[in-house]
Amino acid sequence: MEAGAEIFRSKDFGSETKFSLGTRKINSPEMGMDGWREIGKHSFTPLSLEETLLGGQSFVWTKKGSHQWRGVIGRSIVDLSLRNGRLSWRASLLHPFSEGELTKYLWIDGSYDAAIEEMPWRSDPVLRESLRAFSGLRILGQPFDETLFYFLLSSAKSISQIKSCGEAVALRYGEKLGFGIGSFPGWNRLCEVPEEELRKLKLGYRAKYVAGVADFLASRSGWLEETASLPYEKAKARLMEMPGVGQKIADCALLFGAGKLEAFPIDTWMDKSLERRYGLEGWSLSQKLTFARVHFGKFAGLAQQFLFSSERRGIFA
DNA sequence: CATGGACCTGTTTCC
DNA sequence: CCACGCAGGTCCATG
(Lines give C-alpha, C1' and ligand atoms only; values in the text may rest on other atoms or scores of the structure.)
Protein backbone atom coordinates (compact mmCIF):
# COMPACT_ATOMS: atom_id res chain seq x y z
CA MET A 1 0.00 0.00 0.00
CA GLU A 2 1.63 3.12 -1.28
CA ALA A 3 0.70 6.33 0.47
CA GLY A 4 1.38 9.34 -1.74
CA ALA A 5 4.96 10.50 -1.23
CA GLU A 6 3.98 14.06 -0.94
CA ILE A 7 6.44 16.76 -0.05
CA PHE A 8 5.09 19.22 2.43
CA ARG A 9 5.90 22.82 1.68
CA SER A 10 4.48 24.37 4.77
CA LYS A 11 6.79 26.82 6.51
CA ASP A 12 6.65 24.54 9.53
CA PHE A 13 8.95 22.14 7.81
CA GLY A 14 11.75 24.59 7.06
CA SER A 15 13.18 25.69 3.78
CA GLU A 16 13.48 23.11 1.05
CA THR A 17 16.96 22.02 0.05
CA LYS A 18 18.17 19.93 -2.84
CA PHE A 19 21.05 17.47 -2.72
CA SER A 20 21.99 14.33 -4.54
CA LEU A 21 22.14 10.79 -3.27
CA GLY A 22 23.91 8.62 -5.81
CA THR A 23 22.37 9.57 -9.12
CA ARG A 24 18.95 10.49 -7.79
CA LYS A 25 17.90 14.03 -7.12
CA ILE A 26 16.04 14.26 -3.88
CA ASN A 27 13.79 17.03 -2.77
CA SER A 28 13.87 17.16 0.95
CA PRO A 29 12.77 19.76 3.44
CA GLU A 30 15.64 18.86 5.72
CA MET A 31 19.17 17.58 5.08
CA GLY A 32 19.46 13.84 5.50
CA MET A 33 15.73 13.16 5.79
CA ASP A 34 13.45 11.56 3.25
CA GLY A 35 10.23 13.24 2.11
CA TRP A 36 7.00 13.26 4.08
CA ARG A 37 4.40 10.55 3.60
CA GLU A 38 0.96 10.25 5.06
CA ILE A 39 -0.42 7.32 6.98
CA GLY A 40 -4.02 7.02 5.99
CA LYS A 41 -5.79 5.20 8.75
CA HIS A 42 -4.96 5.94 12.36
CA SER A 43 -6.96 7.00 15.38
CA PHE A 44 -4.62 9.35 17.18
CA THR A 45 -5.77 12.66 18.55
CA PRO A 46 -3.19 15.37 19.28
CA LEU A 47 -3.46 14.48 22.96
CA SER A 48 -3.16 10.71 22.60
CA LEU A 49 -0.22 10.94 20.20
CA GLU A 50 1.57 13.33 22.53
CA GLU A 51 0.88 11.08 25.50
CA THR A 52 1.94 7.97 23.60
CA LEU A 53 5.29 9.47 22.60
CA LEU A 54 6.14 11.56 25.65
CA GLY A 55 4.04 10.09 28.45
CA GLY A 56 6.69 7.89 30.00
CA GLN A 57 6.69 4.64 28.04
CA SER A 58 9.43 5.90 25.73
CA PHE A 59 12.30 8.31 26.27
CA VAL A 60 13.50 8.79 22.71
CA TRP A 61 10.97 11.35 21.46
CA THR A 62 11.25 15.11 21.48
CA LYS A 63 8.61 17.65 20.67
CA LYS A 64 9.76 19.84 17.78
CA GLY A 65 6.70 22.02 17.35
CA SER A 66 3.09 22.12 18.39
CA HIS A 67 2.25 19.33 15.94
CA GLN A 68 5.61 17.69 15.31
CA TRP A 69 7.83 15.17 17.10
CA ARG A 70 11.26 13.63 16.41
CA GLY A 71 12.44 10.28 17.71
CA VAL A 72 15.12 7.68 17.23
CA ILE A 73 14.12 4.05 16.69
CA GLY A 74 17.13 1.77 16.50
CA ARG A 75 19.40 3.78 14.21
CA SER A 76 16.64 5.53 12.30
CA ILE A 77 15.58 9.06 13.02
CA VAL A 78 11.86 9.44 12.53
CA ASP A 79 9.74 12.59 12.38
CA LEU A 80 6.00 12.56 12.99
CA SER A 81 3.50 15.27 12.23
CA LEU A 82 -0.18 15.43 13.10
CA ARG A 83 -2.06 18.36 11.57
CA ASN A 84 -5.78 18.57 11.01
CA GLY A 85 -6.09 14.89 11.77
CA ARG A 86 -3.52 13.91 9.15
CA LEU A 87 -0.60 11.82 10.38
CA SER A 88 2.59 12.12 8.32
CA TRP A 89 6.09 10.82 8.80
CA ARG A 90 9.57 10.82 7.34
CA ALA A 91 12.79 9.00 8.25
CA SER A 92 16.52 9.45 7.87
CA LEU A 93 17.96 8.47 4.48
CA LEU A 94 21.08 6.94 5.99
CA HIS A 95 19.13 4.51 8.17
CA PRO A 96 15.71 4.18 6.51
CA PHE A 97 12.59 3.05 8.29
CA SER A 98 9.75 1.43 6.39
CA GLU A 99 6.08 2.24 6.61
CA GLY A 100 5.49 -1.32 7.76
CA GLU A 101 7.94 -0.92 10.60
CA LEU A 102 6.36 2.35 11.59
CA THR A 103 2.78 1.09 11.63
CA LYS A 104 3.95 -1.81 13.75
CA TYR A 105 5.81 0.51 16.10
CA LEU A 106 2.74 2.74 16.44
CA TRP A 107 0.33 -0.22 16.60
CA ILE A 108 -1.69 1.11 13.69
CA ASP A 109 -3.82 -1.82 12.57
CA GLY A 110 -7.09 -3.51 13.38
CA SER A 111 -5.69 -5.42 16.32
CA TYR A 112 -5.62 -2.17 18.30
CA ASP A 113 -9.37 -1.65 17.97
CA ALA A 114 -9.93 -5.29 18.83
CA ALA A 115 -7.86 -4.87 21.99
CA ILE A 116 -9.88 -1.80 23.01
CA GLU A 117 -13.09 -3.75 22.50
CA GLU A 118 -11.86 -6.56 24.73
CA MET A 119 -11.19 -4.34 27.71
CA PRO A 120 -13.86 -4.22 30.44
CA TRP A 121 -14.91 -0.60 29.88
CA ARG A 122 -18.57 -1.55 29.64
CA SER A 123 -18.63 -2.46 33.30
CA ASP A 124 -15.90 -0.09 34.48
CA PRO A 125 -16.74 3.63 34.44
CA VAL A 126 -13.22 4.66 35.46
CA LEU A 127 -11.68 2.88 32.49
CA ARG A 128 -14.46 4.10 30.21
CA GLU A 129 -13.75 7.72 31.11
CA SER A 130 -10.00 7.19 30.55
CA LEU A 131 -10.61 5.67 27.12
CA ARG A 132 -12.72 8.65 26.21
CA ALA A 133 -10.18 11.20 27.43
CA PHE A 134 -7.17 9.59 25.75
CA SER A 135 -8.84 8.08 22.73
CA GLY A 136 -6.21 6.57 20.42
CA LEU A 137 -3.53 6.10 23.09
CA ARG A 138 -1.19 3.24 22.18
CA ILE A 139 1.45 0.96 23.61
CA LEU A 140 4.53 1.37 21.39
CA GLY A 141 6.48 -1.57 19.99
CA GLN A 142 9.98 -0.52 20.99
CA PRO A 143 13.26 -2.45 20.72
CA PHE A 144 13.58 -4.74 23.73
CA ASP A 145 17.25 -4.19 24.59
CA GLU A 146 16.90 -0.42 24.52
CA THR A 147 13.67 -0.42 26.49
CA LEU A 148 15.28 -2.46 29.23
CA PHE A 149 18.15 0.02 29.34
CA TYR A 150 15.96 3.08 29.71
CA PHE A 151 13.81 1.59 32.44
CA LEU A 152 16.92 0.56 34.32
CA LEU A 153 17.56 4.30 34.64
CA SER A 154 14.04 5.10 35.74
CA SER A 155 14.08 4.59 39.48
CA ALA A 156 13.48 7.79 41.44
CA LYS A 157 13.89 9.91 38.33
CA SER A 158 11.50 12.06 36.34
CA ILE A 159 10.83 11.53 32.64
CA SER A 160 13.09 14.41 31.62
CA GLN A 161 15.96 13.10 33.76
CA ILE A 162 15.67 9.56 32.40
CA LYS A 163 15.63 10.99 28.91
CA SER A 164 18.71 13.15 29.33
CA CYS A 165 20.72 10.39 31.04
CA GLY A 166 19.85 7.95 28.26
CA GLU A 167 20.66 10.50 25.59
CA ALA A 168 24.02 11.20 27.17
CA VAL A 169 24.94 7.51 27.09
CA ALA A 170 23.72 7.15 23.49
CA LEU A 171 25.66 10.20 22.35
CA ARG A 172 28.83 9.10 24.10
CA TYR A 173 28.87 5.38 23.24
CA GLY A 174 26.37 4.90 20.43
CA GLU A 175 26.47 5.80 16.77
CA LYS A 176 26.26 9.52 16.04
CA LEU A 177 23.20 10.01 13.88
CA GLY A 178 23.25 13.77 13.45
CA PHE A 179 20.86 16.33 14.95
CA GLY A 180 22.63 15.80 18.25
CA ILE A 181 21.17 12.30 18.51
CA GLY A 182 22.96 9.03 19.22
CA SER A 183 21.67 5.47 18.92
CA PHE A 184 21.42 3.03 21.81
CA PRO A 185 24.95 1.54 21.98
CA GLY A 186 23.78 -2.00 22.63
CA TRP A 187 24.63 -4.18 25.63
CA ASN A 188 27.83 -5.51 24.08
CA ARG A 189 29.23 -2.00 23.83
CA LEU A 190 27.99 -1.02 27.29
CA CYS A 191 29.81 -4.04 28.69
CA GLU A 192 33.10 -2.28 27.89
CA VAL A 193 32.10 0.87 29.77
CA PRO A 194 33.26 1.05 33.40
CA GLU A 195 30.66 1.85 36.02
CA GLU A 196 32.60 4.99 36.94
CA GLU A 197 32.17 6.39 33.43
CA LEU A 198 28.43 5.87 33.68
CA ARG A 199 28.39 7.64 37.03
CA LYS A 200 29.99 10.63 35.38
CA LEU A 201 26.97 10.74 33.08
CA LYS A 202 24.73 11.22 36.14
CA LEU A 203 23.31 7.72 36.35
CA GLY A 204 24.03 7.62 40.07
CA TYR A 205 23.49 4.23 41.74
CA ARG A 206 21.76 3.06 38.53
CA ALA A 207 25.22 2.86 36.93
CA LYS A 208 25.80 -0.30 38.95
CA TYR A 209 22.62 -1.83 37.52
CA VAL A 210 23.54 -0.98 33.93
CA ALA A 211 27.07 -2.35 34.33
CA GLY A 212 25.67 -5.40 36.10
CA VAL A 213 23.14 -6.17 33.37
CA ALA A 214 25.78 -5.67 30.68
CA ASP A 215 28.03 -8.16 32.48
CA PHE A 216 25.17 -10.57 32.96
CA LEU A 217 24.30 -10.51 29.26
CA ALA A 218 27.91 -10.70 28.09
CA SER A 219 28.15 -14.32 29.20
CA ARG A 220 24.74 -15.25 27.83
CA SER A 221 24.53 -14.87 24.08
CA GLY A 222 20.96 -14.71 22.78
CA TRP A 223 19.52 -14.57 26.28
CA LEU A 224 17.51 -11.37 25.81
CA GLU A 225 16.03 -12.43 22.47
CA GLU A 226 15.08 -15.79 23.94
CA THR A 227 13.51 -14.08 26.94
CA ALA A 228 11.37 -11.86 24.71
CA SER A 229 9.97 -14.93 22.97
CA LEU A 230 8.94 -16.68 26.20
CA PRO A 231 5.42 -16.49 27.62
CA TYR A 232 4.88 -13.50 29.91
CA GLU A 233 5.32 -15.14 33.32
CA LYS A 234 8.43 -17.03 32.30
CA ALA A 235 9.94 -13.98 30.65
CA LYS A 236 9.30 -11.84 33.72
CA ALA A 237 10.91 -14.32 36.08
CA ARG A 238 13.96 -14.45 33.85
CA LEU A 239 14.32 -10.69 33.60
CA MET A 240 14.17 -10.44 37.38
CA GLU A 241 17.31 -12.57 37.61
CA MET A 242 19.24 -9.52 36.49
CA PRO A 243 20.63 -6.91 38.88
CA GLY A 244 18.42 -3.83 39.24
CA VAL A 245 15.45 -5.47 37.57
CA GLY A 246 12.58 -5.90 39.96
CA GLN A 247 8.92 -6.48 39.32
CA LYS A 248 8.13 -3.02 37.98
CA ILE A 249 11.02 -2.65 35.55
CA ALA A 250 10.53 -6.20 34.28
CA ASP A 251 6.89 -5.40 33.51
CA CYS A 252 7.81 -2.13 31.77
CA ALA A 253 10.43 -3.79 29.58
CA LEU A 254 8.02 -6.59 28.63
CA LEU A 255 5.05 -4.33 27.97
CA PHE A 256 6.80 -1.57 26.05
CA GLY A 257 9.63 -3.58 24.49
CA ALA A 258 8.37 -7.12 23.96
CA GLY A 259 4.68 -6.75 23.21
CA LYS A 260 3.54 -8.56 26.35
CA LEU A 261 0.24 -6.70 26.59
CA GLU A 262 -0.85 -8.53 29.74
CA ALA A 263 2.06 -7.04 31.73
CA PHE A 264 0.79 -4.50 34.26
CA PRO A 265 3.56 -2.31 35.71
CA ILE A 266 2.59 -0.76 39.04
CA ASP A 267 4.49 2.43 39.80
CA THR A 268 3.49 5.09 42.29
CA TRP A 269 0.93 6.57 39.86
CA MET A 270 -0.76 3.22 39.24
CA ASP A 271 -0.61 2.44 42.92
CA LYS A 272 -2.48 5.65 43.61
CA SER A 273 -4.94 4.94 40.80
CA LEU A 274 -5.78 1.46 42.11
CA GLU A 275 -6.24 2.80 45.63
CA ARG A 276 -8.25 5.90 44.80
CA ARG A 277 -10.27 4.76 41.77
CA TYR A 278 -10.71 1.09 42.59
CA GLY A 279 -10.82 1.24 46.36
CA LEU A 280 -7.80 -0.97 46.97
CA GLU A 281 -6.44 0.92 49.98
CA GLY A 282 -4.66 -1.48 52.29
CA TRP A 283 -4.10 -4.13 49.64
CA SER A 284 -0.54 -5.39 49.20
CA LEU A 285 1.28 -4.88 45.93
CA SER A 286 0.86 -8.49 44.90
CA GLN A 287 -2.86 -8.36 45.72
CA LYS A 288 -3.21 -5.24 43.58
CA LEU A 289 -1.39 -6.94 40.72
CA THR A 290 -3.65 -9.96 40.96
CA PHE A 291 -6.74 -7.76 40.96
CA ALA A 292 -5.49 -5.88 37.88
CA ARG A 293 -4.63 -8.98 35.88
CA VAL A 294 -8.00 -10.55 36.64
CA HIS A 295 -10.09 -7.41 36.17
CA PHE A 296 -8.41 -5.96 33.07
CA GLY A 297 -7.55 -9.25 31.41
CA LYS A 298 -5.45 -10.03 28.39
CA PHE A 299 -4.76 -6.37 27.57
CA ALA A 300 -4.17 -5.21 31.13
CA GLY A 301 -1.07 -3.32 30.03
CA LEU A 302 -3.07 -1.20 27.62
CA ALA A 303 -5.64 -0.45 30.32
CA GLN A 304 -2.75 0.46 32.60
CA GLN A 305 -1.51 3.04 30.11
CA PHE A 306 -4.91 4.74 29.95
CA LEU A 307 -5.23 4.81 33.73
CA PHE A 308 -1.65 5.96 34.15
CA SER A 309 -2.17 8.88 31.77
CA SER A 310 -5.44 9.79 33.42
CA GLU A 311 -3.88 9.85 36.85
CA ARG A 312 -0.75 11.70 35.76
CA ARG A 313 -2.62 14.30 33.75
CA GLY A 314 -5.24 14.60 36.46
CA ILE A 315 -8.48 13.98 34.57
CA PHE A 316 -10.16 12.69 37.71
CA ALA A 317 -8.86 15.50 39.88
C1' DC B 1 6.03 -12.44 53.62
C1' DA B 2 5.69 -7.21 55.11
C1' DT B 3 8.43 -2.96 56.44
C1' DG B 4 12.17 0.40 56.31
C1' DG B 5 16.46 2.61 55.19
C1' DA B 6 20.27 3.21 51.85
C1' DC B 7 21.56 4.32 47.30
C1' DC B 8 22.91 9.17 43.43
C1' DT B 9 21.50 13.49 42.16
C1' DG B 10 18.54 17.09 40.28
C1' DT B 11 14.74 19.86 41.64
C1' DT B 12 11.61 21.96 44.81
C1' DT B 13 10.48 24.37 48.89
C1' DC B 14 11.50 26.75 53.08
C1' DC B 15 14.30 29.88 56.01
C1' DC C 1 20.54 31.78 48.56
C1' DC C 2 21.00 27.54 51.47
C1' DA C 3 19.51 23.39 53.67
C1' DC C 4 16.05 19.74 53.35
C1' DG C 5 12.55 16.63 51.68
C1' DC C 6 11.55 13.85 48.00
C1' DA C 7 11.44 11.15 43.72
C1' DG C 8 7.77 6.60 38.17
C1' DG C 9 12.59 1.30 42.21
C1' DT C 10 15.57 -2.29 43.91
C1' DC C 11 18.15 -4.58 47.34
C1' DC C 12 19.22 -6.14 51.80
C1' DA C 13 18.49 -6.47 56.64
C1' DT C 14 14.92 -7.07 60.21
C1' DG C 15 10.86 -8.68 62.82
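Below, each value reflects all heavy atoms present in this structure, side chains not excepted, and no hydrogens, waters or symmetry copies. Chain letters run A, B, ... following the sequence lines, proteins first and then strands; every chain starts at 1.
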Any luck finding a side-chain donor-acceptor pair between A:Lys64 and A:Ser81 under 3.5 Å?
no

Would you tell me whether A:Tyr205 and A:Ser155 have side-chain atoms, one donor and one acceptor, within less than 3.5 Å of each other?
yes

Inter-nucleotide [atom1] distance ([N], [M]), Å rounded:
N: C:dG5; M: B:dG5; atom1: C1'; answer: 15 Å
N: C:dG8; M: B:dA2; atom1: P; answer: 23 Å
N: C:dT10; M: B:dT11; atom1: C1'; answer: 22 Å
N: B:dG4; M: C:dC6; atom1: C1'; answer: 16 Å

Any side-chain heavy atom of A:Asp251 sitting closer than 4.5 Å to one from A:Tyr232?
yes

Considering only heavy atoms from C-beta outward, does the side chain of A:Glu30 approach that of A:Phe179 to under 4.5 Å?
yes

Aromatic ring proximity A:Phe134/A:Phe44, centre distance under 6.0 Å:
no

Under 4.0 Å from a heavy atom of chain A: give me the 5'-most and 3'-most nucleotides of DNA chain C that qualify.
C:dA7 to C:dC11

Mark yes or no for a side-chain to base donor-acceptor pair under 3.5 Å between A:Arg206 and B:dC7, with no hydrogen or angle criteria applied.
no

Listed pairs, N/O of protein and of nucleotides 10-12 of chain B, under 3.5 Å:
{"unit_1": "B:dG10", "atom_1": "OP1", "unit_2": "A:Lys202", "atom_2": "NZ", "d": "3.4"}
{"unit_1": "B:dG10", "atom_1": "O4'", "unit_2": "A:Gln161", "atom_2": "OE1", "d": "3.1"}

Closest-nucleotide mapping onto DNA chain C: is A:Trp269 or A:Pro243 further toward the 5' terminus? I mean the 5' end.
A:Trp269

C:dG8: pairing nucleotide in any strand, Watson-Crick or G-U under 3.5 angstrom
none

Under a 3.5 Å limit for both distances, which nucleotide forms a Watson-Crick or G-U wobble pair with B:dC8, could you say?
none

Among A:Phe306, A:Tyr278, A:Trp121, exactly one meets ring pair (Phe, Tyr, Trp, His ring centres under 6.0 Å) together with A:Phe296. Which residue is that?
A:Tyr278

What's [X] touching, base or sugar-phosphate or nothing? Going by heavy atoms closer than 4.0 Å.
X: A:Arg199; answer: sugar-phosphate
X: A:Tyr209; answer: base
X: A:Gly55; answer: base
X: A:Met242; answer: sugar-phosphate

Under the 6.0 Å and 45° cation-pi test, does A:Arg220 pair with A:Phe216?
yes

Neighbour count >12 (heavy atoms, 6.0 Å) for atom CZ, A:Arg238
yes

Write down the distance between NZ (A:Lys208) and P (B:dT9), rounded to a whole number of angstrom.
13 Å

Check this for me, if you would: do A:Lys208 and A:Glu195 make a salt bridge, where the nitrogen-to-carboxylate-oxygen distance has to be below 4.0 angstrom?
no

Is A:Tyr205 stacked on the base of B:dC8, with ring centres under 5.5 Å apart and planes under 30° apart?
no

